[in-house]
Amino acid sequence: MPVDIRRDEAGTLALLLAAEACERATVLPLQSSVPVSEEFQNGEGFGYIVAFRANGTRGWKEKMVTSADSTTYKYRDETFPPLTPFEVKVGVYNNKGDGPFSTVVVIHSAEGEPREAPSDVKAYGISSSEIRVTWKAPNPGPGRPRGYEVSYWKDMEQEESGTKQRTVKNETSMVLTGLEDNSRYIVTVKGFNSIGQGPPAAAVTANTRKAPPAQPPANLVWMQEGNNVSLNWEPVKAKDNESDVIGYKVLLKQEGRGHDQVTRTINPSTMLSLPEGGTYIIEVRALSEGGEGAVSSQARVVTSSGVRAKSSQRSVHCAPPGLTWPAMLLLLLVPSASW
């Protein structure tokens, strides 16, 4: 007799009559990782008898599996819908006759591939190289998706030349990356599960943003008074093929420390407070709808630990492009009354 048919943690069977539905058909694959060993076959011509019937019916259908090493049997019946319950038992035979059957278990045919497409698909550019795609899951029912596949390709190109990405789980959004700037893309979404893929949703289009400004903030000038730094720079002007500047990002990082401080401003100036003594590096980038622009020359500010500069003294510095810090110039050191 074959080993008992029993369910494992995944809801399958040790000697398994699993359920796999194809379009307009119920397919039942029999799988077993524990075939009957040769010592218990007791003769030549050993094989299996797979018997099954839909719940509520009387007669058993029997199918013979002639190989003693077989672990799979598939049954297809187009008259049964997905999720139909079946009673299943597996027996053995050889040239001397039939052996006993295993215990009867009840299993269900699978849900089948997704039947409905995702709805309310939306796509919009969030940078010069990224598009965010969102959608709603189909209505609950047979053929539920276990994930989604997003296909996208550039306008004026063929779908076959596009790219496909799948969600890790059952998420209903995805960010497409590595795209060309200022370009139109066509996007479709479809559900999938272990059986197959469902129909795609209607295609939508989205444009990536123009590229961020290639020109970095220039003529960076800062005035240091104690642990406070007042920073100014020339405004960045975007070219026609670049995204308009909507602000600036100022990065303050202390040498030897992993923590960075980020300040955003819409003006070409800002005020920074250095939290403690040490050496600080300041960088500025333009912000745009296409992303962050090129980085400015670095400003290097040194403060003494536990010692603040006298309020009667201020120092003004600039960071001309291309100069290294040993060549940085102290432009002005005057009493505060003169300002």
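Under the 3.5 Å distance criterion, the side-chain polar atoms of Arg53 are matched with a main-chain donor or acceptor of Arg58. Side-chain N or O atoms of Arg285 include one that pairs as donor or acceptor with a backbone N or O of Gly293 at under 3.5 Å. With hydrogens and angles ignored, the 3.5 Å screen pairs no side-chain donor or acceptor of Asn267 with any backbone N or O of Thr270. Judged by distance alone, with hydrogens and angles left aside, the side-chain atoms of Ser183 form a donor-acceptor pair with the main-chain N or O of Asp181 at under 3.5 Å. For the pair Thr167 (side chain) and Tyr148 (backbone), a donor-acceptor distance under 3.5 Å is present. The closest donor-acceptor contact from the side chain of Glu159 to the backbone of Ile186 lies at 3.5 Å or more, if one exists at all. Side chain of Ser243 to main chain of Gly290: a donor-acceptor pair is present (N/O by atom type, distance under 3.5 Å, no hydrogens or angles). The main-chain N or O of Glu180 is found under 3.5 Å from a side-chain atom of Tyr185 such that the two form a donor-acceptor pair.
One finds no salt bridge joining Lys210 and Glu242 here, because no Lys/Arg side-chain nitrogen approaches an Asp/Glu carboxylate oxygen to under 4.0 Å. Electrostatic pairing of Lys249 and Glu292 counts as a salt bridge here, judged by a charged N lying under 4.0 Å from a carboxylate O.
Nearest heavy atoms, Ala294 versus Pro217: O-CD, 3.6 Å. Gly125 and Ala206 make their closest contact through N-CB, 4.4 Å (heavy atoms, listed as atom of the first residue, atom of the second, distance). Nearest heavy atoms, Pro145 versus Pro114: CA-CG, 4.1 Å. Contact record, Tyr248 with Ala286: CD2-CA, 3.8 Å, taken as the closest heavy-atom pair. Considering every non-hydrogen atom in both Pro199 and Arg115, the closest pair reads CG-O, 3.6 Å. Across all non-hydrogen atoms, the minimal contact from Ala117 to Pro138 is O-CG, 3.9 Å.
Checked by atom type, the side-chain pair Arg184/Thr205 shows a donor-acceptor distance below 3.5 Å. Using modelled atom types, one finds a donor on one side chain and an acceptor on the other under 3.5 Å when comparing Gln165 with Tyr152.
Remark: of the listed residues Pro268, Ser297, Ser296, Pro216, Pro268 is the sole one forming a side chain to side chain contact (heavy atoms under 4.5 Å, CB included) with Trp233.
Counting heavy atoms from C-beta outward, Thr279 and Val301 have side chains that stay 4.5 Å or more apart. Between Thr66 and Tyr93, some side-chain heavy-atom pair lies under the 4.5 Å cut-off. When side chains are defined from C-beta on, Ile282 counts as touching Leu231, because their heavy atoms get closer than 4.5 Å. The closest side-chain heavy-atom distance from Arg264 to Leu287 is below 4.5 Å. Side-chain contact between Leu179 and Ile131: present, with at least one pair of heavy atoms (C-beta onward) separated by less than 4.5 Å. Val245 has its side chain within reach of Pro213: a pair of non-hydrogen atoms, C-beta onward, lies under 4.5 Å apart. The closest side-chain heavy-atom distance from Ser128 to Pro212 is below 4.5 Å. The shortest distance between side-chain heavy atoms of Val133 and Val121 falls below 4.5 Å.
The CG atom of Asn219 sits 4.0 Å away from atom CD of Glu234, with the distance rounded to the nearest 0.5 Å. Interatomic distance, CD of Glu171 versus CH2 of Trp135, reported as 8.0 Å (0.5 Å rounding). Considering OH of Tyr280 and CD of Gln254, their distance stands at 3.5 Å, rounded to 0.5 Å. Summarising the geometry, atom CD belonging to Glu113 is positioned 7.5 Å from atom CG belonging to Asn193; distances are rounded to the nearest 0.5 Å. Rounding to the nearest 0.5 angstrom, the gap separating the CG atom in Asp244 from the NZ atom in Lys239 is 14.5 Å. In this structure, CD on Glu289 lies 12.0 Å from OG1 on Thr208, to the nearest 0.5 angstrom.
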Val262/Val250 under side chain to side chain contact (heavy atoms under 4.5 Å, CB included): CA gap, chis, key distance, verdict: CA-CA 6 Å; Val262 175; Val250 181; over 6 Å; no

Quick one, Arg300 with Glu255, criterion salt bridge (charged side-chain N to carboxylate O under 4.0 Å, His left out). Give me CA distance, side-chain angles, the key distance, then yes/no. CA-CA 10 Å; Arg300 187 170 184 268; Glu255 288 187 348; 3.8 Å; yes

Step-by-step side chain to side chain contact (heavy atoms under 4.5 Å, CB included) determination, Asn182 to Asn241: CA-CA 8 Å; Asn182 198 26; Asn241 62 341; over 6 Å; no

So Val150 and Thr188, side chain to side chain contact (heavy atoms under 4.5 Å, CB included) or not? Walk me through it. CA-CA 6 Å; Val150 179; Thr188 64; over 6 Å; no

For the pair Glu87 and Thr57, evaluate side chain to side chain contact (heavy atoms under 4.5 Å, CB included) and give the outcome as yes or no after the intermediate values. CA-CA 10 Å; Glu87 293 179 297; Thr57 60; over 6 Å; no

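Taking a 6.0 Å sphere around CG of Asn170, one finds it holds more than 12 heavy atoms contributed by other residues, nucleotides or ligands. Around the CD atom of Gln158, the shell of radius 6.0 Å holds no more than 12 heavy atoms that belong to other residues, nucleotides or ligands.
Met271 meets the side chain to side chain contact (heavy atoms under 4.5 Å, CB included) test with Asn228, Ser230; sequence neighbours excluded.
Relative to the ring axis of Phe192, Arg166 places its NZ or CZ within 45° and under 6.0 Å from the centre.
Follow the hydrophobic side-chain contacts under 4.5 Å out from Val236 and you never reach Ile246; the two are in separate clusters. In terms of hydrophobic clustering, with Ile, Leu, Val, Met, Phe, Trp and Tyr side chains grouped at heavy-atom distances under 4.5 Å, Met174 and Val204 are assigned to a common cluster. Val105 and Val90 fall within the same hydrophobic cluster, where Ile, Leu, Val, Met, Phe, Trp and Tyr residues are linked whenever their side-chain heavy atoms come under 4.5 Å apart, directly or through other members.
For Trp60 and Phe52, the gap between ring centers reaches or exceeds 6.0 Å.
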